[in-house]
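Below, read A as the first sequence line, B as the second, and so on, with proteins coming before strands; counting in each chain starts at 1.
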There are 2 protein chains.
Amino acid sequence: MTLTKRGEYALRTMIRLGIAEWNEEGVISVSNIAHQEHLPFKFLEAILTELRNAGYVESVRGKYGGAKLAKPMKAITMGEIVRLIDGKLAPIGCASETEYEKCSCPDEEHCGLRMLMIDVRNAIANILDKYTLHDVVDVTLRKQELDPPKKKAVKKPSKSRHADPADGFLALLKNGKL
Amino acid sequence: MTLTKRGEYALRTMIRLGIAEWNEEGVISVSNIAHQEHLPFKFLEAILTELRNAGYVESVRGKYGGAKLAKPMKAITMGEIVRLIDGKLAPIGCASETEYEKCSCPDEEHCGLRMLMIDVRNAIANILDKYTLHDVVDVTLRKQELDPPKKKAVKKPSKSRHADPADGFLALLKNGKL
DNA sequence: CCAAAATCCTATTCGTCAAATAGGATTATT
DNA sequence: AATAATCCTATTTGACGAATAGGATTTTGG
């Protein structure tokens, strides 16, 4: 149930463009984004083409050209971007609201797995369609303000590390940490 | 964010074995499961090997042999099976609680995407780790009882069909339809 | 003892596509 | 004219997901 790299890079790019807009930086070049985010330039170029074709990004050609958001951050949900670049949110096709695909099971009407995966999809959509790019950028900047990143190498997490469930949006907001 | 076929087939197999146990059918052969579920026999054989090695299934060799659940259905969550066969629930590695992987972003501590995906993972886990195989089998059988499947071909859904969010567990339970 | 049904084990294929790379035309600026 | 940048089309490559294959071993019943 992994998001493709393409999907991940697209989201990170949108967030980066959101931060740039917040800071009133104008357009940013693809090479700049690639460098800051440690992403392959050519791959990112193709991703930005998709985002542009879908109207989320606009670009400026020529020297000093680059990309910028084409819509207000509050008008873009994260779910839209995931669906555009990665595909449906549902873990299985028959549980998808937007890209339905019949599955091979013998009795779809009574399939407990399908019902379960519809719930999973609903849960994923409840988050990705609720939070806008603005929210994510806001949280990112607030976190940076609260806990300024150090200039030098941050302590490297070990391989055995895990992501703390309390590090999500909902938990941070609920605990008054943002 | 798609579940692999392997993961899907494993879940369907577990449900099938749960139904068999419910009906006190004893062991079921792999060829029988493959036939009923429209799955490739050899592929299913390998999946069952993994389930057996992990202690979820036990098998009986020889003529009239087959597979059956090795644990009570109430002691198996759907999340366990997904993690075993498909892998982590988190859409990105840095948001995983069980299979953490550092990502390529420049500043993980302040990454809004990571915080968001931790929420998504929490939401997925809240469902898959809450419902047991028993719940899924229960719902499946209840649905069959309420609305008996017809013997002949059920109306084929068209390609443009979508999965109704109201068809999930939570919605069905909430609306008193199960 | 044999045939049939079944699991168990090891191996291989293959096709798709995800991830990335490449080259060059065109645009804008200085 | 040079440089920085987007735009467009194409290609590679390698991994791995999905599936297939063959045969050894076990169990049962005749």
Side-chain angles (χ1 to χ4, degrees), chain A residues 1-13 17 20 25-54 56-68 70 82 84-87 91-93 101 103-104, chain B residues 1-13 17 20 25-54 56-68 70 82 84-87 91-93 101 103-104:
Chain A
M1 307 219 298
T2 308
L3 184 67
T4 56
K5 288 298 176 190
R6 198 180 190 84
E8 180 192 328
Y9 296 171
L11 291 168
R12 281 167 54 186
T13 299
L17 291 177
E25 290 181 34
V27 300
I28 315 180
S29 66
V30 180
S31 63
N32 200 352
I33 299 172
H35 181 257
Q36 288 175 345
E37 291 289 328
H38 307 155
L39 300 178
F41 171 76
K42 278 296 190 180
F43 196 19
L44 188 56
E45 195 181 11
I47 291 168
L48 274 158
T49 294
E50 269 190 82
L51 290 168
R52 179 171 51 83
N53 287 344
Y56 291 103
V57 156
E58 67 189 37
S59 48
V60 177
R61 296 186 74 170
K63 194 174 183 181
Y64 304 135
K68 59 182 281 190
V82 172
L84 172 73
I85 305 291
D86 182 86
I92 56 179
E101 286 168 39
C103 76
S104 66
Chain B
M1 309 218 299
T2 308
L3 185 67
T4 55
K5 288 297 176 190
R6 197 180 189 85
E8 181 194 327
Y9 296 170
L11 292 168
R12 281 167 56 186
T13 298
L17 290 176
E25 292 182 32
V27 300
I28 317 181
S29 66
V30 179
S31 62
N32 201 352
I33 299 173
H35 180 259
Q36 286 175 346
E37 291 290 328
H38 308 154
L39 300 177
F41 171 77
K42 280 295 194 179
F43 196 20
L44 187 57
E45 196 181 11
I47 291 167
L48 274 158
T49 294
E50 271 190 81
L51 290 169
R52 179 169 52 82
N53 287 343
Y56 291 103
V57 157
E58 67 189 37
S59 49
V60 177
R61 296 185 74 171
K63 195 174 181 181
Y64 304 136
K68 58 181 283 191
V82 172
L84 172 72
I85 305 292
D86 183 84
I92 56 180
E101 284 171 39
C103 76
S104 64

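- In this structure, A:G62 and A:F43 both approach DNA chain C, and ranking their closest nucleotides by distance from the 5' end singles out A:F43.
- The closest side-chain heavy-atom distance from A:F43 to A:R6 is below 4.5 Å.
- Between the C1' atom of D:dG17 and the CE atom of A:M1 lies a distance of 17 Å, rounded to the nearest Å.
- Contact check for B:L11 versus B:D86: no side-chain heavy atoms found under the 4.5 Å cut-off.
- Residue order along DNA chain C, read from the 5' end via each residue's closest nucleotide, puts B:T49 first among A:Y9 and B:T49.
- When atom types are taken as modelled, the side chain of A:R12 and the backbone of A:E37 share a donor-acceptor pair closer than 3.5 angstrom.
- A 4.5 Å side-chain heavy-atom check between B:S59 and B:V27 finds every atom pair outside the cut-off.
- Dashed line: the shortest gap from a side-chain N or O of A:Y64 to OP1 or OP2 of D:dT6 is not under 4.0 Å.
- In this model, the phosphate group of D:dC7 is approached by a side-chain N or O of A:S59 to a distance below 4.0 Å at OP1 or OP2.
- In this structure, B:E50 atom CD and C:dC8 atom P are separated by 14 Å, rounded to whole Å.
- Computed from coordinates, the A:K42 NZ to C:dA18 C1' distance equals 18 Å when rounded to whole Å.
- Atom pair B:L39:CG and D:dT20:P shows a separation of 11 Å (rounding to whole Å applied).
- For A:R52, a side-chain nitrogen or oxygen approaches OP1 or OP2 of D:dC7 to under 4.0 Å.
- Taking atom CD of A:E58 as the reference point, atom P of D:dC7 lies 11 Å away to the nearest angstrom.
- We find that CZ of B:R6 is positioned 9 Å from P of D:dA18, with the value rounded to whole Å.
- Judged by distance alone with a 3.5 Å cut-off, a donor-acceptor contact links the side chain of A:R61 to the base of D:dT6.
- Atom P of nucleotide C:dA4 and atom CG of B:N32 are separated by 20 Å, given to the nearest angstrom.
- Put simply, NZ on A:K63 is 11 Å from C1' on D:dA1, counting in whole angstrom units.
- Two residues are said to be in side-chain contact when any heavy atoms from C-beta on lie closer than 4.5 Å; B:Y56 and B:L84 meet this criterion.
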